[in-house]
Protein chains: 2
Amino acid sequence: MKSIPFPTLQRLCTLFQILTDLKKNTHLQTSSLELAALCGTTAFTIRKDIATLGVTGNSGQGYAVEKLMQLIGNSLGFFEKKRIGVIGIGSLGSALIKHSGFNNNEFEVVAAFDSNINKIETTKAVVPLFPFYQLSSVVNRLKIDYGLLAVPPDAAQGVTDKLVESGIKGIINFAPIIVKSTDNTIFIRNVDMAAELRILTAQNYVKSIEHLHQ
Amino acid sequence: MKSIPFPTLQRLCTLFQILTDLKKNTHLQTSSLELAALCGTTAFTIRKDIATLGVTGNSGQGYAVEKLMQLIGNSLGFFEKKRIGVIGIGSLGSALIKHSGFNNNEFEVVAAFDSNINKIETTKAVVPLFPFYQLSSVVNRLKIDYGLLAVPPDAAQGVTDKLVESGIKGIINFAPIIVKSTDNTIFIRNVDMAAELRILTAQNYVKSIEHLHQ
DNA sequence: CTCTAGCTGTGATTTATTTCACTAATTTAT
DNA sequence: ATAAATTAGTGAAATAAATCACAGCTAGAG
């Protein structure tokens, strides 16, 4: 199998989500056109994306929802359950611990960490809480695969380094700073929610300017 | 000014964040090379990106942090304060209300909404809370520019439609479903946190497979 | 005052991605 | 059974974006 372009990988992840929803609504059959509409892209793109996973061989009449879901899920490893750790139990961290998207048959939050010992003792949570100094040992013992970073921005890079040392497979950083690792076998994604909003406002602003200048 | 490619716009938003941080640390002068390292890209790209904003005319010796920040901020409208509404005050919504990234001199959360009247009466929050049926009127009265959607996925599209009707400028949807508007003057970004993690796991999985096959 | 080192600005090139156009396969209706 | 309609698969073309290479500018050292 040739390597998958990143935009394609992103869309395949979205497709998987869409197929899961379709299945839930007992929508058994679909087509590239329908998927394109749901995914916000074109039918060409959907077909090309699916083609990168290898031939499925059902040219005449669309895709079977379940079969396509299995194909994508198997190709990208979505059926292996991943163990998640949340670092930082402020309001965002607490929300992540409870978030349905991280507690299902794909992901499981198995631990959370905070530097504030008091908080650990007083917070009620559905997952075990640990002080930050136990990060490495707990990551190893509980076999945590991925970390969700919800600490203040000035702590984010330090925690990242510690996580990488501990042998974690990947990190999603929600702090508004770009964290990196010198070890480029570790995948890191920086998700800055305020930046997302900033992008939106910038698009709007640029549009309004162009409108004036036209 | 020619229109700005979307990847460039994204990076300029990141750059603005980085420059803000540099300024805070009294780092007054910088270069495309330094910015590239902080931004996770190359110096070529940084220079090209800045060039899309029009000539700055400081060819010889790097960029003044403050001046570049002003240029980007002015070009993309970051110095006009935006008024934010949060819809859905579950754990994620509550976290967004308090999030420092949405409460600074760029953004201000001015209201939050929920369909559950009980929750509105019993929740303590730093912003006024409103029942969902007042959405349109409050968006108008409080001049809310942007909406952050943190409602359950099956409610997300309905709320989106209502927000668009109310004349909002843009929406960030955190529910794990793709919401759309037929009115394409409204900018919408779907931020699915679980999808971000799924992308990460997929990258890892594909990498491990390639490793086996090599 | 001149030379050097370091940096930006930008047209040209390369690479990546999307879009297109057409073929082949399958189903449905008659 | 055949025609018509629908849909996937895919090499080719077009578009978009990233990268490069180098000319030109600036500041500071000698």
Side-chain angles (χ1 to χ4, degrees), chain A residues 1-15 18-19 22 27-72 75 199 202-203 206 210, chain B residues 1-15 18-19 22 27-72 75 199 202-203 206 210:
Chain A
M1 183 165 69
K2 53 177 173 283
S3 114
I4 302 173
F6 188 70
T8 293
L9 192 73
Q10 282 186 297
R11 281 189 302 264
L12 286 172
C13 291
T14 305
L15 265 189
I18 289 170
L19 290 165
L22 285 176
H27 190 119
L28 302 176
Q29 194 66 16
T30 186
S31 69
S32 58
L33 202 67
E34 184 179 43
L35 291 172
L38 291 168
C39 194
T41 182
T42 66
F44 314 127
T45 307
I46 295 287
R47 295 203 297 270
K48 261 265 158 48
D49 287 348
I50 293 172
T52 62
L53 301 180
V55 181
T56 53
N58 48 351
S59 171
Q61 189 73 319
Y63 302 97
V65 169
E66 174 71 28
K67 195 176 156 195
L68 185 55
M69 203 183 112
Q70 292 291 329
L71 173 70
I72 296 176
S75 303
I199 290 168
Q203 285 187 304
V206 170
E210 278 170 2
Chain B
M1 182 165 69
K2 54 175 171 288
S3 115
I4 302 173
F6 188 70
T8 293
L9 192 73
Q10 281 186 297
R11 281 188 303 263
L12 286 172
C13 292
T14 305
L15 264 188
I18 288 170
L19 290 164
L22 285 176
H27 190 118
L28 302 176
Q29 193 67 16
T30 187
S31 70
S32 57
L33 202 67
E34 184 179 44
L35 290 172
L38 291 167
C39 194
T41 182
T42 66
F44 316 127
T45 307
I46 294 288
R47 295 203 297 271
K48 260 267 160 46
D49 287 348
I50 293 172
T52 63
L53 300 179
V55 181
T56 53
N58 49 349
S59 169
Q61 190 72 323
Y63 302 96
V65 169
E66 174 71 27
K67 196 175 155 196
L68 185 55
M69 203 183 113
Q70 292 291 329
L71 172 69
I72 297 176
S75 303
I199 291 169
Q203 285 186 305
V206 170
E210 279 170 0

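Just so it is clear: chains get the letters A, B, ... in the order the sequence lines come, proteins before strands, and each one is counted from 1.
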Between [atom2] of [N] and [atom1] of [X], the distance in whole Å:
| X | N | atom1 | atom2 | value |
| --- | --- | --- | --- | --- |
| B/Ile50 | C/dT8 | CD1 | P | 8 Å |
| A/Leu35 | D/dT6 | CG | P | 18 Å |
| B/Lys48 | C/dA12 | NZ | P | 11 Å |
| A/Leu68 | D/dG9 | CG | C1' | 14 Å |
| B/Ile4 | D/dA16 | CD1 | C1' | 16 Å |
| B/Ile46 | D/dT19 | CD1 | P | 11 Å |
| B/Leu33 | C/dA5 | CG | C1' | 14 Å |
| B/Phe6 | C/dT17 | CZ | C1' | 16 Å |

Of the listed nucleotides ([options]), which one gets closest to any side-chain atom of [X]?
| X | options | value |
| --- | --- | --- |
| A/Ser31 | D/dA8, C/dT19, D/dT19 | D/dA8 |
| A/Ala51 | C/dG9, C/dT19, D/dT10 | D/dT10 |
| A/Thr45 | D/dT19, C/dT18, D/dA18 | C/dT18 |
| A/Ser32 | C/dG9, D/dA8, C/dT17 | D/dA8 |

All side chain to side chain donor-acceptor pair (under 3.5 Å) counterparts of [X], not counting sequence neighbours:
| X | result |
| --- | --- |
| A/Gln203 | none |
| B/Thr30 | B/Glu34 |
| A/Gln10 | none |
| B/Thr45 | B/Thr42 |

Polar pairs (N or O, both sides) under 3.5 Å between protein and nucleotides 28-30 of chain D?
none

- Apply salt bridge (Lys or Arg N to Asp or Glu O under 4.0 Å) to A/Arg47 and list each qualifying residue two or more places apart in sequence or on a separate chain. none
- Give every residue pair that meets the salt bridge (charged side-chain N to carboxylate O under 4.0 Å, His left out) criterion with at least one member in residues 57-69 of chain B, sequence neighbours excluded.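 Every pair satisfying salt bridge (charged side-chain N to carboxylate O under 4.0 Å, His left out) with a residue in residues 57-69 of chain B: B/Lys23-B/Glu66.
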- Task: Would you indicate what B/Thr8 reaches in the nucleic acid, counting non-hydrogen atoms under 4.0 angstrom: base, sugar-phosphate, or nothing?
- Result: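 The answer is nothing, as B/Thr8 stays clear of every strand by at least 4.0 Å.
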- Task: Classify the nucleic acid contact of B/Thr41 as base, sugar-phosphate or nothing, counting any heavy atom under 4.0 Å across all strands shown.
- Result: nothing
- Task: Taking only the side-chain nitrogens and oxygens of A/Tyr63, find out if one of them lies under 4.0 Å from OP1 or OP2 of C/dT26.
- Result: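 No, because none of the side-chain N or O atoms of A/Tyr63 sits under 4.0 Å from OP1 or OP2 of C/dT26.
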Please write out the pairs of protein N or O atoms and N or O atoms of nucleotides 21-24 of chain C separated by less than 3.5 Å, giving the distance to one decimal.
none

- Item | Closest approach of A/Thr41 to A/Ile46 (non-hydrogen atoms, all atoms of both residues) |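 In terms of heavy atoms, the two residues are closest at CG2-CD1, 3.8 Å.
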- Task: Name all residues meeting the side-chain contact (heavy atoms from CB on, under 4.5 Å) criterion together with A/Leu28; count only those two or more places apart in sequence or in a different chain, and write none if there are none.
- Result: none
- Query: Under the 3.5 angstrom rule, does the side chain of B/Gln29 hit a backbone N or O of B/Gln61 as a donor-acceptor pair?
  - Reply: yes
- Task: Would you confirm whether B/Ser75, through its side chain, and B/Leu71, through its main-chain N or O, come within 3.5 Å as a donor-acceptor pair?
- Result: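 A pair under 3.5 Å: yes.
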